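It should be emphasised that the depicted structure is a prediction, and the values quoted were computed from it without experimental measurement. In what follows, every chain begins at residue 1, and chains take the letters A, B, ... in the order their sequences are listed.
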Amino acid sequence: MIGTIVFWVAALVAVAAGVEVFRTDSMARASYALAASFVAVGVMLLAFELDYLGVIVILMMVMEMAIMALFMIMLMGMNPALMPMSMVHGKRTATVVAAVVFVGLAAAALLIPWPDRAGAPAADLTRSLGDAVMGSKMLVMLTVSPVLFATIIGALVLGHPRDRYQRYGDDLERDHPDDPIQGGVGR
Amino acid sequence: MPEVTTLQPWWAALAPVTLLTLAAAGAAMAGAQTARRRGDGPLVAATTPLTETWRLLRQRRRVPVAADRVLWHVAVGGLPVVAVLMAVVVPLGSVVLVDSPVGVVWFNAMDVMLWALWWLAGWGPNSTHSLVAGHRFLGLALAYELPLMFALTSPAIAAHSLRLADVASAQQGLWFAVWMPVAFGVYLLSAVAFSSWGPFAVAAHSDLAGGVLAETSGVDRWLVLAGRHLVLAAAALVAVPLFLGGGAGPVLGPVAWTLVKALVVLAVLELSAGRAPMIRPERFAEVGWMVLLPATVLQMLVAAGGAS
C-alpha cells in the first residue's frame with residue numbers, strides 16, 4: 001500500500017519536474033528540475049526494493065546536474081545564462097517528435113502482451129548486480145570503461161587552453177611547469 | 001548478520017532532536033574555541049550558539065533584488081534535511097531507524113546532495129560573492145569526493161557488506177580506524193570539506209564577504225549555520241559504525257558508546273576551525289588527485305588483503 005503511494009507520488013513528481021525543465025526560463029532551475037526528476041526516478045527504484053540502484057541513481061544524477069548546471073550557465077546563454085531565457089528551440093519539430101515517441105512508447109507498454117514473470121528476484125539484489133557486472137558482463141565493462149575514460153582524457157586534452165609546451169617550454173626544458181596557479185603538491 | 005531492530009516510524013520524530021542536540025554540543029565547542037581566542041569569558045563561550053539562535057530567529061529576513069527564492073529555499077532548508085537523512089541509517093546500539101542494506105552508499109549519496117545545496121545557496125541570492133563561493137565549493141568537491149568514495153569503500157570491502165550494522169560488527173577484533181588510518185583520515189578531511197567548515201570553509205569564508213552567507217539573514221542564516229553543524233554531527237555519527245567499532249566498548253552500553261565516540265569525532269571536526277588558513281580549492285585539487293586518491297586506492301588494497 002505505502003509502496004504503491006510512494007511509486008505514484010514519485011512518478012508524478014518525475015513527470016512534473018521533467019515538464020518544468022522546458023517551461024522554466026532559468027538554466028539553474030532547468031538543471032535542478034532535471035535533477036529532481038531523476039531523484040524521483042531513484043525513489044521509484046527504491047520503492048521496487050532495488051536499494052543499490054536507487055541510491056546510486058540519486059547519487060550520480062545529483063552530482064552530474066550540479067556540474068552540468070555550471071556548463072549550462074557558462075555555455076548555453078547569450079550573456080552566460082544569468083538572465084531569463086527560453087529553454088526550447090525548434091518548437092514545432094520537437095513537439096511532433098516528442099508526441100510521436102510518447103504515443104509509440106505508451107502504446108507499446110500497453111498493447112504488447114508481456115509474458116508472465118518466470119523467475120523470482122534474487123535474495124540479495126545488490127550482490128547479484130555485482131556478480132553480473134563483475135562476472136558475465138565483465139567484457140562489456142572492460143570495453144566501455146576504457147572508451148569512456150579515453151573520451152574524457154581526449155576531451156580534456158583538446159579543450160584545455162594550455163598545452164605542455166606552454167607549461168614546460170618549447171623544448172619541454174623546464175623542470176617545473178609554468179602555471180598561473182601553482183599546484184598543491186609543490187611541483 | 002548482527003541483529004538490529006528497525007524502530008517504528010514515529011521514532012523518526014526524535015531523530016532531528018537528537019541530531020540537533022549533538023550539533024548544539026559541537027557548535028558550543030566551536031563557539032568556546034572562538035570565544036577563548038577573543039578573550040571572552042566561559043559563560044559567553046558556552047552560550048554563543050543559543051544567543052546567536054535567539055538573535056537570528058528574531059531578525060527580519062532580507063532578500064536581494066531578483067533572488068531565485070525557490071532554489072535559495074531549497075538550499076538553506078535542504079542542509080538540515082540532508083544532515084538528518086545522513087544520520088538515520090546509523091545503528092544506535094541494537095536499534096536503527098532505517099536498516100538500509102546499502103547504508104554506506106546512502107551516506108555517500110547524501111554527501112553528494114551537499115554539492116547541489118552549497119551551489120544553490122550560492123546561486124539563490126543573486127549576489128556575486130555568493131555565486132563565486134558556490135562555484136568554488138564545487139571545485140573543492142571535485143578534489144575531495146573521489147578520495148572520499150574510495151575511503152568509504154575500504155570498510156565496506158573489509159566487512160563484505162554495505163550495511164552499517166555489518167560494518168560495525170566486522171570490527172570485533174580491531175577498529176578499522178586503526179588499520180585503515182588513510183581511509184579514516186580522508187573521511188575526516190572530507191567531512192570538514194563537505195560541511196564547508198574550518199580550513200575547507202570555501203563556501204562560507206570571510207575572504208568572500210561570507211560567501212553564501214553574504215546575503216543570508218534571519219532564519220535563513222540560522223538554517224545555514226546550524227545546517228553546517230548538523231552535517232558535521234551526522235558525519236561524526238556515521239564515522240562510529242564505519243571506523244570506530246560501532247557501539248562496542250566496556251561498562252557503558254552501546255548507545256552511550258556510540259554517542260561518546262561521535263562526540264569525540266565531532267570535537268576533532270569542530271576544532272579544526274581556526275587552526276589553519278583556508279585551503280584554496282585550485283591548489284587542493286592537485287593534492288586530492290595526486291596524493292589522496294592513490295593513497296586511498298592503496299588503502300583499499302590493504303583492506304581487501306586484510307579481509308580475505
Side-chain angles (χ1 to χ4, degrees), chain A residues 2 17 20 24-36 38-39 42-43 45-46 49-74 80-84 123-127 129-130 177 179-187, chain B residues 9 66 68 70-72 74-75 82 85 89 98-120 122-124 126 128 131 134-135 137-139 141-143 145-146 149 156 160-163 279-292:
Chain A
I2 291 178
E20 184 62 20
T24 183
D25 62 356
S26 138
M27 279 293 171
R29 285 192 184 190
S31 304
Y32 279 96
L34 195 52
F38 278 123
V39 168
V43 171
L45 290 175
L46 288 177
E49 297 187 0
L50 289 165
D51 297 286
Y52 183 79
L53 280 181
V55 174
I56 217 77
V57 162
I58 296 174
L59 189 161
M60 295 306 293
M61 287 305 156
V62 171
M63 191 185 247
E64 194 177 316
M65 292 308 148
I67 297 299
M68 198 188 74
L70 300 195
F71 283 89
M72 301 280 272
I73 288 165
M74 203 161 41
L82 294 171
M83 304 300 283
D124 188 346
L125 290 168
T126 308
R127 176 173 289 274
L129 178 71
D179 288 331
I181 297 165
Q182 293 284 304
V185 296
R187 285 182 308 151
Chain B
D68 193 333
V70 175
L71 293 185
W72 200 10
V74 167
V82 163
L85 287 177
V89 290
V98 182
D99 187 17
S100 170
V102 292
V104 177
V105 192
W106 175 257
F107 168 77
N108 200 189
M110 289 307 112
D111 92 61
V112 166
M113 285 284 183
L114 294 167
W115 287 39
L117 296 183
W118 283 120
W119 185 80
L120 287 174
W123 170 266
N126 189 28
T128 313
L131 187 62
H135 273 60
F137 178 83
L138 287 182
L142 287 174
E145 191 64 48
L146 273 172
M149 283 180 171
H160 299 288
S161 174
L162 292 167
R163 191 162 158 260
I279 293 165
R280 293 163 63 88
E282 65 269 32
R283 304 203 65 170
F284 185 68
E286 199 169 80
V287 178
W289 284 83
M290 307 282 289
V291 181
L292 299 183

Please look at B:Val70 and chain A and tell me whether the side chain, the backbone, both or neither of the residue comes under 4.5 angstrom of a heavy atom of that chain. both

Less than 4.5 Å apart, side chain to side chain, heavy atoms only: is that true for B:Asp111 and B:Glu145? yes

Sort out for me which of A:Asp124, A:Thr126, A:Ile67, A:Leu59 touches chain B most, counting heavy-atom pairs under 4.5 Å. A:Leu59

Would you mind checking which part of B:Ile279 comes under 4.5 Å of any heavy atom in chain A, side chain (CB onward), backbone (N, CA, C, O), both or neither? neither

B:Leu85 backbone acceptor or donor facing B:Trp106 side chain under 3.5 Å: yes

Can you tell me how the ring of B:Trp119 sits relative to the ring of A:Tyr32, calling it parallel under 30°, perpendicular over 60° and tilted otherwise? parallel

Under a 4.5 Å cut-off applied to non-hydrogen side-chain atoms, are B:Leu71 and A:Arg29 in contact? yes

Which atoms of B:Val102 come close to chain A, meaning under 4.5 Å heavy atom to heavy atom: side chain ones, backbone ones, both, or neither? side chain

Hey, is the main chain of B:Asn126 close enough, under 3.5 Å, to the side chain of B:Trp72 for a donor-acceptor pair? no

In terms of heavy-atom pairs under 4.5 Å with chain A, which of B:Asp68, B:Leu142, B:Val291, B:Val287 leads? B:Asp68

Against chain A, work out which of B:Met110, B:Arg280, B:Met113 has the most heavy-atom pairs shorter than 4.5 Å and name it. B:Met113

